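All values reported here derive from a predicted model rather than from experimental measurement. By convention here, the first residue in the shown sequence is residue 1.
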Amino acid sequence: MVDTDRIVGAAKEFGGKVQSASGDLAGSSRSSAEGRYREAEGRAQDIYGQAKDTLRDVADNVSDYAGDAYDRGGHYLRDGGRAVSGRVEENPLIALVIAGAVGYGLALLLHGRR
């Protein structure tokens, strides 16, 4: 969707070009300068509208990417849980030793050696 600042800015820019050209033809430096100022103002407003459109598009894309990552994360978690469960069922003693080593390592990290 096009931002209203882009439309208004383009209209001001066009109006400024017309005013500047008519000022140049009539020999009115004041009208020509006002036209150039209005043209620059319209261009700035158009650029501002473009920036808002870009940010809106980026925000929409980030939202979509976050939703996709959340969905994929759930699948990865389920698949990983199944894989770990299968390994534990195949080798319960090794799984117990690994769990104990991880617990001991965490205890050392949390409480430190004295």
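Using a 4.0 Å cut-off between a side-chain N of Lys or Arg and a carboxylate O of Asp or Glu, Lys52 and Asp57 do not qualify as a salt bridge. Salt bridge absent: Arg38 and Glu41 never bring a charged side-chain N and a carboxylate O closer than 4.0 Å.
Atom CG of Asn91 is separated from atom CG of Leu96 by 12.0 Å, given to the nearest 0.5 angstrom. Of the inter-residue distances, the one linking Gln19 atom CD with Tyr37 atom OH reads 12.0 Å to the nearest 0.5 angstrom. Atom CD of Glu34 and atom OG of Ser28 lie 7.5 Å apart (nearest 0.5 Å). Atom CG of Leu93 is separated from atom CD1 of Ile98 by 10.0 Å, given to the nearest 0.5 angstrom. Between atom NZ of residue Lys12 and atom CG of residue Asp46 there is a gap of 11.5 Å, rounded to the nearest 0.5 Å. Separating the CZ atom in Arg43 from the CZ atom in Phe14 is a distance of 15.0 Å, to the nearest 0.5 Å.
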Exercise. Take Arg36 and Asp24 through the salt bridge (charged side-chain N to carboxylate O under 4.0 Å, His left out) test and state the conclusion after the steps.
Key: CA-CA 11 Å; Arg36 284 188 177 77; Asp24 288 342; 3.3 Å; yes
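For Ser63 (side chain) and Ala59 (main-chain N/O), no donor-acceptor pair under 3.5 Å exists by modelled atom type. A donor-acceptor pair under 3.5 Å links the side-chain atoms of Ser22 to the main chain of Val18, judged by distance alone.
With hydrogens and angles left out, the side-chain atoms of Arg72 and His75 include no donor and acceptor closer than 3.5 Å.
Between Val88 and Ala95 the shortest heavy-atom distance is CG2-CB, 3.8 Å.
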